[in-house]
Amino acid sequence: MTSITTTPGTNRYYVTTPIYYVNGAPHIGHAYTSVAADVLARFNRLDGKDVFFLTGTDEHGQKVEQAAQNAGVETQAFTDGIASDFRDMADAMDISYDDFIRTTEPRHKKAAQALWEAVSANGHIYLGAYEGWYALRDECFYSEDELTTRPDGSRIAPSGAPVEWVREPSYFFRLSAFQDRLLALYEQHPEFLGPSGRRNEIVSFVRQGLKDLSISRTSFRWGIPVPNDPDHVMYVWFDALTNYLSALGYPDPGAERMAFWPASAHIVGKDIIRFHAVFWPAFLMAAGIALPEAVYANGWWTIEGEKMSKSVGNVVDPRDLVATYGLDPVRFFLLREVPFGGDSDLNRRSLVNRLNVELANDLGNLAQRTLSLIARNCEGILPAFGTLSDDDRALLAGASLLPELLRGQMKRFALTDGLEEVWKVIRACNAYIDRQAPWALKKTDIVRMASVLRVLHEALRHIATTLQPFMPGTMAKLLTQLGVAEEKRDFAALSETLEEGIVLPAPQGLFPRHVLPEDAS
RNA sequence: GGCGGCGUAGCUCAGCGGUAGAGCAGGGGAAUCAUAAUCCCUUGGUCGGCGGUUCAAAUCCGUCCGCCGCUACCA
């Protein structure tokens, strides 16, 4: 049995997205969580860490079985189709995952069964009966508050189907035994769970008492068989959560990837925080496996002020947004618009406004004006630093602080605040260029002009390097325009000075402006 | 019902005991290297209402009003 403490940091970083449930097509919410996790993965790679980044799909359960039946397709073929759509979405969003786990893969089944056996061997699983209101017609259980009572006292499901109280044999996990240890975990490791509002909710949930958890079903077949009792399949969460281990090669003791355990961060949507912050650590404690270092929940997106739902018909496919606005602008917007952890609204006006003001005007135009001044006045050759003024030094100091600043923000999952820090430097560059007016120095002091441009170039190199995790494609272009070699783009390379005299390619625009149809004319 | 959060400039929010802040939007000016982009200045708020503690309260306490979240087997 392990202690509840998490292991100290190493040079490895293991970050995960949830595995997405394949009962529907990927939407902007999935993309959001994945982009956030991707930023963390990319940031840590640039920071010299050995990173493993996992995403994938959750493919078991009665709903999937039914969805496949409704579609008239064999269940595995059905999940194959949706899983590949999720993979396509991840690729379209430039998610730099190292592995894509599917819960229908043999390696996962083996891992889930091994985890079950480990928990069982420690005495935390017992056979009991799951009781509840069951609708034969719908073939599923309903909770008390979902039901309506008719005048004659009988109850009906939301679907209108009659329900009856039934008992189904089920294996239970002794969740109740872990209440104190979970509370100790939250208290001793406040960084385990965030944002803080969510942590408080989970703490009060656990405090009010935990019941044992039903972790198997006999009412459907589409799942992983329980070891030594094939009448049962594992109930979804025991199966699904194990993915974080199965992709590492668990339970093979010689699996190289197991060195990445425990996970550094599980990024999840706020709807599944409980499963990650309560059930998952309890399962791991029960199996004697070290706990992940952090679980962090992101919020929901509304669309033009409305809740996203299939019935409203406003579900946004991130690939459509990318087709209209470009990949990096969309990635930027998702992480920039609202403090990471909170809810936010996706609407065209604020999207276009952010892209125009912050990307096109603030950053794109800064790069363009700086690089074209160098192209035109320095023959496209990177100038040398002259004697640095206080103004020069202040700007460079701000820029060189960025990696360290962002490191702190990323650790706290403050992705939005991280971007704000970079933008402070970008705004400072625009103020600096106006103050120094290199276009005027051109006529009075050509040496000073060259030095000013070099200071701006150096600030831009820091900005572009730090922004790579957020906008990998566009920042790669910018770094190329700045003459930074591909192997000199990590944080360590920032402390080296670029050689003057290198030839810079011709500058090209990075971010096009957008005009809303109603604003045209 | 219980527990918790929020309510600050037109908008999105930061501040959380010591003379009200940022970004965007609005107004004025400068500049013209640049994607007509940029820079500077500026209008604007009895910090949800009412009481209390304090020399001093967005900031602490109480209460009221209005939103929102959680309150287990939903993927």
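First the proteins, then the strands, lettered A, B, ... as listed; each starts at 1.
You'll find that the side chain of A/R427 is closest to B/G23, out of B/G23, B/U35, B/A72. Comparing B/U35, B/G69, B/C73 by their nearest atom to the side chain of A/S214 picks out B/C73. When the nucleotides B/C73, B/C70, B/C39 are ranked by their closest atom to the side chain of A/A431, B/C39 comes out on top. Which of B/U35, B/U32, B/C70 sits closest to the side chain of A/W439 comes down to B/U32.
Of the two residues near RNA chain B, A/Q208 and A/N200, the one whose nearest nucleotide lies more 5' is A/N200.
For B/A34, the OP1/OP2 oxygens have a side-chain nitrogen or oxygen of A/R376 closer than 4.0 Å. Residue A/R198 places none of its side-chain N or O atoms closer than 4.0 Å to OP1 or OP2 of B/G69. At the phosphate of B/C73, neither OP1 nor OP2 sits under 4.0 Å from any side-chain N or O atom of A/Y134.
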Point to revise | Chi angles and distances behind the salt bridge (charged side-chain N to carboxylate O under 4.0 Å, His left out) call for A/D231, A/R221 | key: CA-CA 8 Å; A/D231 288 346; A/R221 304 305 312 151; 5.9 Å; no
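Looking at A/N361, its side chain has no donor and acceptor atom pair within 3.5 Å of the base of B/A37.
Using a 4.0 Å cut-off between a side-chain N of Lys or Arg and a carboxylate O of Asp or Glu, A/E337 and A/R354 qualify as a salt bridge.
A cation-pi arrangement is present between A/R217 and A/Y130, with the terminal nitrogen or guanidinium carbon under 6.0 Å from the aromatic centre and inside a 45° cone about the axis.
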